[in-house]
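One structure is given below, encoded as structure tokens.
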Amino acid sequence: LAAERLHLEITERVLMIDEEILRTQIGELRTLGVRFSIDDFGTGYSSLGYLRRFPCHSLKIDRSFIAALEEAQGEAAALVEAIIGMGHALGLAIVAEGVEDEAQAAILRRQGCDLLQGYLFARPMPGPDYTRWLVDRSRTETP
């Protein structure tokens with residue numbers, strides 16, 4: 001596997017373990033071409049300083065924000081929009097985790113979210129099943 005094809009996810013909690021060692025290790029792997037995401041962004045001990053100190057390629061918005069997108073108050077939508085805007089301003093790709101319906105997907109697309117993942121698209125599956133799913137899907141989609 002070429003290093004640039006490897007994309008590792010780091011949870012916020014891991015960022016707090018030993019900052020100096022982690023920053024060194026991430027730097028060495030980035031030099032090889034490995035890409036990094038901060039997973040579950042916004043749920044733990046988020047510090048905007050982490051985004052500066054741990055250079056990553058993308059942020060993954062935690063599913064709890066996505067699940068609340070359609071609530072009447074709109075607070076979750078405002079937070080998601082802020083995370084997307086901040087991430088884009090820092091040159092990061094934004095991934096929404098836990099997208100389960102078209103309404104959530106539509107909101108996220110309007111807000112400019114780069115990538116969506118969740119049950120709306122497929123449930124987790126073993127590798128061989130995924131290969132079949134991918135082949136079947138490529139046959140039914142038009143270019």
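Residue numbers run from 1 in the order of the sequence given. This one's a predicted model, so the numbers in the text were calculated from it and none came from an experiment.
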Under the side-chain hydrogen bond (donor to acceptor under 3.5 Å, both in side chains) test, which residues partner Asp39, sequence neighbours left out? none
To the closest 0.5 Å, what do you measure between CD (Glu9) and SG (Cys56)? 11.5 Å
What residues, two or more places apart in sequence or in another chain, satisfy side-chain hydrogen bond (donor to acceptor under 3.5 Å, both in side chains) together with Ser64? Asp62
Partner set under ring pair (Phe, Tyr, Trp, His ring centres under 6.0 Å) for Tyr119, not counting sequence neighbours: none
So do Leu32 and Leu6 actually touch side chain to side chain, heavy atoms under 4.5 Å? no
Within a strict 4.5 Å, meaning less than it, do heavy atoms of the Ile61 and Phe41 side chains meet? no
Sorted by chain and number, sequence neighbours left out, side-chain hydrogen bond (donor to acceptor under 3.5 Å, both in side chains) with Arg30 holds for His57
Is Ile21 isolated, or which residues cluster with it under the ILVMFWY side-chain rule of less than 4.5 Å, directly or via members? none
Can you list everything that forms a side-chain hydrogen bond (donor to acceptor under 3.5 Å, both in side chains) with Glu20? Sequence neighbours excluded, please. Arg23
Which Ile, Leu, Val, Met, Phe, Trp or Tyr residues join Met125 in one cluster when any pair of side-chain heavy atoms under 4.5 Å counts as a link? Tyr130, Trp133, Leu134
Just distance, no hydrogens or angles: give the donor-acceptor pairs under 3.5 Å from side chains in residues 90-102, sequence neighbours left out.
residue: Glu100; atom: OE2; partner: Arg63; partner atom: NH2; Å: 2.9
residue: Asp101; atom: OD1; partner: Ala103; partner atom: N; Å: 3.1
residue: Asp101; atom: OD1; partner: Gln104; partner atom: N; Å: 2.8

Out of curiosity, Lys60 NZ to Asp40 CG, how far, rounded to the nearest 0.5 Å? 8.0 Å
Hey, any chance Phe36 and Leu115 share a hydrophobic cluster, counting ILVMFWY side chains that come within less than 4.5 Å of each other, even indirectly? no
Could you see if Phe121 belongs to whatever hydrophobic cluster contains Leu108? Use Ile, Leu, Val, Met, Phe, Trp, Tyr and a side-chain cutoff under 4.5 Å. yes
Please list all pairs meeting salt bridge (charged side-chain N to carboxylate O under 4.0 Å, His left out) that have one or both residues in residues 80-90, counting only residues at least two apart or in different chains. none
Identify, with sequence neighbours excluded, every residue that meets side chain to side chain contact (heavy atoms under 4.5 Å, CB included) alongside Ala2. Glu4, Arg5
Quick one: CD1 on Ile38 to CG on Leu8, what's the gap to the nearest 0.5 Å? 13.0 Å
Does anything in residues 105-115 pair up under side-chain hydrogen bond (donor to acceptor under 3.5 Å, both in side chains), and if so which pairs, sequence neighbours excluded? His88-Asp114
So, using side chain to side chain contact (heavy atoms under 4.5 Å, CB included) as the criterion, who are the partners of Leu79 when residues are at least two apart? Phe65
Find the distance between CG (Leu116) and CD1 (Ile107) and round it off to the nearest 0.5 Å. 11.5 Å
